[in-house]
K.L.:
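Below are the structure tokens for one structure; questions will follow.
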Amino acid sequence: MIQNLVDGVLTGSIISLGAIGLTLIMHMLRFANFSYAELLGIGAYTALVFDKLLAVLFPALSGKIGALTLTGTLALSVLLAMVVAGASAVVIDALVFKRIRAKADALSMVFASFGVALILRNVITLIFGQKAQLYSNDIAFAIVVSRDPLLLIKPDQVFVLLAALVLMGGLHLVLTRTTFGFALRAVAENPVLAQVSGVRLSVIVTSVWLIGGALSAAAGVFYALTNHLSPAMGHNFVLPVFAATIVGGIGSVYGAVLGGFIVGIASGLALMVLPSGYIPAMPFLIILFVLMLRPHGLFGEDQG
Amino acid sequence: MIGLISYLAFFATMAGILAIAVLGLNLQWGHTGLFNGGVVAFFGAGAYGTMLLGGPPEPGQFGGFALPYVVALGGGILIAGVVAWIVGLLTLRLRHDYLAIATFGVAVAFENVTRNADWLTGGARGLRGFPRPLEAAIGDTFLYGLFFLGLVLAVLLAVYLGLERLVNSPYGRVLRAIREDEVSARSVGKNPTRLRLESFVIGSMIMGAAGGLYVSFYAFVSPQDLAPILTFQIWAMLIVGGAGNNRGAILGAFLIWGAWTLSGFALSRFAPDAMQLYTGSIQYILIGVVIVGMLMWRPQGLLPERVTKTIYQKGAKKGSVIINKEVI
């Protein structure tokens, strides 16, 4: 019970990071982006490449940090992967979505996003292979926090949870304390009025792709650090991040964070009653449940 | 010669089955503007439904009611329709992309059930031994292949003619009106939510029929047959052929299935040994490129939707007589 709860909180923090950018994109560009979760995979694999590269260039950094399996090089690689994934999100938008946006309706974009996801996932498979990989082959020993009820926590998991909370806290400060944050929230609230007030929509959209890509990359690395890397990881996060955005209400950053934790914890607790093979469908049940009770989510507004 | 003919019959049977599913999708996406992100689930509901109702009994396994073929196929279609009805009821009055997300979720949930609910779906092993219709009466394998091709083409023709009638009727016009402008459709007293739900359910039942035919062709179904790529293939077929055009949908099905088969053959023949494990990925990338490329450069497809314009008849008083004329 308590173990499932703790694991759920951890998964939840990863889902939350992945959902923040998605909820803003869905709100501003008004389309469900099925390729968004592939950014997690892009981020995780980019970090793998940088990690190997940096370990050769700066062997001094390749030692483990404290009790973590996280190495100095991987910690740096996370930051680089965030930049790369953010940039890829912007490039994909410029290459595909912007062009389709210009001449077709929002549903064509949903359609195209499935195609983009298929391409991205299989390019990753071609480059890195189908097998699951790990950043480090060292065994991550879990610490027995309590024996009855049994609770095992790995140091990496504590790090991931803290790092995710720091990223979310940083985003909160940016949103509430900077002019850019005001502009972003203004666009999320009312794009037309924001433009009238001199906010450039295209700049905000680009920055949302950047932020979303970066946070997703962090989420991808965090998932890979506590589980493993596989080309299917992006695909496996599609439904959880959508569920988080729908639970929180499309367009609400705080809703997405809360929604992510709700989806993570619910999936963790569901393990007590459901065989693990059914857990991927859990976010779907949450979506149906929310659509029945509160179709616009916890913090969402009626968008018709 | 016999080998070639029987291979072509096999190819055409498969393409025909997929074409039926593409026609179902065309009613949803092409004519009503509904996004179905989980085609494979409705195809699969028809396949497993038909199998459970018409398959042979097996110890420890639910289903195997060995019902007559037509009843089993009808039941499979009905099951696909019920699944669509439930999903549609929950999502169709909301933001348009909610249906995309929910149907994608249905596909994930469906895959979970087919892989894990051993008592119902046989799990990863799947279900086997479906009695193919009239197989004993015909006997000869070659002749039976041709017979089955005929059966599939007959169903395809029936679905095509039925849909043509439907979409060219006033009902079809209302569906397109909803797709183009929901508010105007509502302002003239149409109920978009109900009509969308109907179109979604009918389209999904057609996909279920394709699934039912699939299981009767192979006499076997397992989660491997219903991989998520099937959804993408069926989309690529529709978007290449031309959304909103039923002939385009059938053309697209044969073209894409041909390209898929040929590319698979070419890759297995010419790709270096080290790459053999990844030929599937290369084919998936091709499907993705086809979808994205078509949407970017020719979103109307090879055979675009034929726009029906209403014009005033020559000589008649303005506004008195209105006829429909096809302008291409």
Side-chain angles (χ1 to χ4, degrees), chain A residues 26 30-35 95-96 99-100 103-126 129-130 231 235-236 238-239 242-243 245-246 250 274-289 291-292 295-296 302-304, chain B residues 29 33-35 37-38 86-87 89-91 93-113 115-117 123 179 182-183 228-229 231-232 235-236 238-239 243 275 277-278 280-297 299:
Chain A
M26 270 179 87
R30 301 188 60 83
F31 83 107
N33 185 351
F34 280 83
S35 65
L95 283 179
V96 180
R99 296 186 191 193
I100 294 175
K103 57 179 178 188
D105 56 350
L107 277 180
S108 295
M109 308 242 293
V110 180
F111 218 139
S113 74
F114 269 100
V116 170
L118 196 60
I119 296 171
L120 291 177
R121 193 182 322 136
N122 286 289
V123 167
I124 292 179
T125 312
L126 279 184
Q130 275 155 344
H235 183 70
N236 295 339
V238 172
L239 217 42
F242 270 127
T245 59
I246 290 177
I250 292 170
L274 279 178
S276 63
Y278 293 102
I279 295 303
M282 192 60 201
F284 169 62
L285 295 181
I286 296 174
I287 291 175
L288 289 188
F289 190 65
L291 291 183
M292 270 189 283
H296 302 295
D302 189 345
Q303 310 182 328
Chain B
W29 166 259
L34 298 174
F35 193 97
I86 295 170
V87 179
L89 211 56
L90 286 169
T91 51
R93 57 205 161 80
L94 303 165
R95 243 179 85 135
H96 292 184
D97 42 12
Y98 277 17
L99 181 68
I101 299 171
T103 42
F104 180 81
V106 173
V108 172
F110 184 81
E111 195 185 352
N112 284 176
V113 172
R115 285 193 187 279
N116 296 295
R179 181 190 69 186
E182 184 182 333
V183 177
I229 189 69
T231 300
F232 296 101
W235 281 352
L238 180 59
I239 200 132
M275 289 299 292
L277 204 56
Y278 294 99
S281 292
I282 297 172
Q283 283 188 295
Y284 289 4
I285 292 174
L286 290 178
I287 289 280
V289 169
V290 165
I291 291 175
V292 176
M294 283 304 281
L295 282 168
M296 278 164 69
W297 289 295

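In what follows, chains carry the letters A, B, and so on, assigned in the order in which the sequence lines appear, proteins first and then strands, with residues in each chain numbered from 1.
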K.L.:
Testing the basics here: between A:V116 and B:V292, what is the closest heavy-atom pair and its distance to 0.1 Å?
P.N.:
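In this case the closest contact between A:V116 and B:V292 is N-CG2, 3.7 Å.
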K.L.:
B:I239 versus chain A, heavy atoms under 4.5 Å apart: side chain, backbone, both or neither?
P.N.:
side chain
K.L.:
Can you tell me how far CG of B:L89 sits from CG of A:L288, rounded to the nearest 0.5 angstrom?
P.N.:
11.0 Å
K.L.:
Restricting to non-hydrogen atoms, name the atom on A:G277 and the atom on B:N116 that form the minimum distance, rounded to 0.1 Å.
P.N.:
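What the structure gives for the nearest pair is O-ND2, 3.1 Å.
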K.L.:
Using the salt bridge (Lys or Arg N to Asp or Glu O under 4.0 Å) criterion, which residues pair with B:E182? Sequence neighbours excluded.
P.N.:
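Here the qualifying residues are B:R186, B:R196.
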K.L.:
Once side-chain hydrogen bond (donor to acceptor under 3.5 Å, both in side chains) is applied, what residue pairs with a partner in residues 100-113 of chain B remain, sequence neighbours excluded?
P.N.:
B:E111-B:R115
K.L.:
Do you know which of A:I100, A:L126, A:I287 has the most heavy-atom pairs with chain B at a distance under 4.5 angstrom?
P.N.:
A:L126
K.L.:
Kindly give the heavy-atom pair with the smallest separation between B:S281 and A:T125, and that separation in Å.
P.N.:
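Answer, listing the atom of B:S281 first, then A:T125: OG-CG2, 3.5 Å.
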K.L.:
Could you give the distance from CD1 (B:I291) to OG (A:S113), rounded to the nearest 0.5 Å?
P.N.:
10.0 Å
K.L.:
Looking at chain A, which one of B:I86, B:L286, B:V106 has the largest number of heavy-atom pairs inside 4.5 Å, strictly under?
P.N.:
B:V106
K.L.:
Can you tell me which portion of A:P295 sits under 4.5 Å from chain B's heavy atoms? Options are side chain, backbone, both or neither.
P.N.:
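Both parts, backbone and side chain.
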K.L.:
Testing the basics here: between A:V110 and B:A100, what is the closest heavy-atom pair and its distance to 0.1 Å?
P.N.:
CG1-CB, 4.0 Å
K.L.:
Go through the atoms of B:M275 and report whether side chain, backbone, both or neither lie under 4.5 Å from a heavy atom of chain A.
P.N.:
side chain
K.L.:
Is there a side-chain contact between A:I250 and B:Y98 in this structure, where contact means two heavy atoms from C-beta onward sitting under 4.5 Å apart?
P.N.:
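Side chain of A:I250 against side chain of B:Y98, heavy atoms only: contact under 4.5 Å found.
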K.L.:
Non-hydrogen atoms of chain B under 4.5 Å away: do they reach the side chain of A:I119, the backbone, both or neither?
P.N.:
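Its backbone and side chain both get close to chain B.
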K.L.:
Working to the nearest 0.5 Å, report the span between CD1 of B:I285 and CZ of A:R121.
P.N.:
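Here the interatomic distance stands at 11.0 Å.
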K.L.:
For B:A117, is it the side chain, the backbone, both, or neither that has a heavy atom closer than 4.5 Å to a heavy atom of chain A?
P.N.:
both
K.L.:
Checking heavy atoms, do the side chain of A:F114, its backbone, both or neither come under 4.5 Å from chain B?
P.N.:
both
K.L.:
List the atom of B:A109, the atom of A:F284, and the distance in Å for their closest heavy-atom pair.
P.N.:
CB-CD2, 3.8 Å
K.L.:
Check each atom of B:V113 against the heavy atoms of chain A and say whether the ones under 4.5 Å are side chain, backbone, both or neither.
P.N.:
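Contact with chain A involves both backbone and side-chain atoms of B:V113.
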K.L.:
Measure from the side-chain N and O atoms of A:N122 to the backbone N and O of B:Y284, and report whether any donor-acceptor pair falls under 3.5 Å.
P.N.:
no
K.L.:
When you compare the side chain of A:V238 with that of B:I101, does any pair of heavy atoms fall below 4.5 Å?
P.N.:
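With C-beta onward as the side chain, the pair stays apart.
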K.L.:
Under 4.5 Å from any heavy atom of chain B, what part of A:L274 do you find: side chain, backbone, both or neither?
P.N.:
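When you check distances to chain B, no heavy atom of A:L274 falls under 4.5 Å.
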K.L.:
CE of B:M296 to CG of A:L95: how many Å apart, nearest 0.5 Å?
P.N.:
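That separation rounds to 7.0 Å.
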K.L.:
Measure from the side-chain N and O atoms of B:Y278 to the backbone N and O of A:Q130, and report whether any donor-acceptor pair falls under 3.5 Å.
P.N.:
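Yes, B:Y278 side chain to A:Q130 backbone: donor-acceptor pair under 3.5 Å.
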K.L.:
Determine the minimum heavy-atom distance between B:L295 and A:K103, stating which atoms define it.
P.N.:
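Taking B:L295 first and A:K103 second, the nearest heavy atoms are O-CE, 4.3 Å.
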